[in-house]
Amino acid sequence: MNTMSHTLPTTVSNEISQIRNVYQEHFDRSWFTSAFREFPMQARQLQDIRHALSLTSPTIWDLPVLHRGVSALKDFIRMVRHSVLPRMKEMFGYSGYMGPGYKD
């Protein structure tokens, strides 16, 4: 069968692109991960995120890659909320307060 018939909807590619841009611009930085003596994420999880976000035209065959990437991204967000935000002022001189409406 032709792989084009197995391509996921365009909205999936668009969402990946938007997440990729935010992740690469703000979080995929060596200074960010090196700021923690004990970075609570495994290198494999960061690779899973990068691999999933590198997909530009995902197909149904990429669903396992997307699943691992989304799972790792959820762990990453949880880690940032619980390990980074409360210590931002101490680490970077910024407040970790997220303001009204912040939900954990």
Can you tell me how far the [atom1] atom of [X] sits from the [atom2] atom of [Y], to the nearest 0.5 Å?
{"X": "Tyr23", "Y": "Leu53", "atom1": "OH", "atom2": "CG", "value": "7.5 Å"}
{"X": "Asp62", "Y": "His51", "atom1": "CG", "atom2": "NE2", "value": "7.0 Å"}
{"X": "Gln47", "Y": "Ser54", "atom1": "CD", "atom2": "OG", "value": "11.5 Å"}
{"X": "Asp28", "Y": "Phe76", "atom1": "CG", "atom2": "CZ", "value": "8.0 Å"}

Practice item. Apply the test side-chain contact (heavy atoms from CB on, under 4.5 Å) to residues Ile16 and Ile19: give CA-CA distance (whole Å), side-chain angles for both, the deciding distance (0.1 Å), then the verdict. Key: CA-CA 5 Å; Ile16 291 171; Ile19 294 168; 5.9 Å; no
Practice item. Could you list the residues that satisfy side-chain contact (heavy atoms from CB on, under 4.5 Å) with Ser17, not counting sequence neighbours? Key: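 Counting only residues at least two positions away or on another chain, Ser17 forms a side-chain contact (heavy atoms from CB on, under 4.5 Å) with Arg20, Asn21.
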Exercise answer: donor-acceptor pairs, residues 68-75 side-chain atoms, under 3.5 Å, sequence neighbours excluded:
{"unit_1": "Asp75", "atom_1": "OD1", "unit_2": "Arg78", "atom_2": "NH1", "d": "2.8"}
{"unit_1": "Asp75", "atom_1": "OD2", "unit_2": "Gln45", "atom_2": "NE2", "d": "2.8"}

Review point. Does a side-chain heavy-atom distance below 4.5 Å link Leu8 with Thr59?
Key: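 Counting from C-beta outward, Leu8 and Thr59 never come under 4.5 Å.
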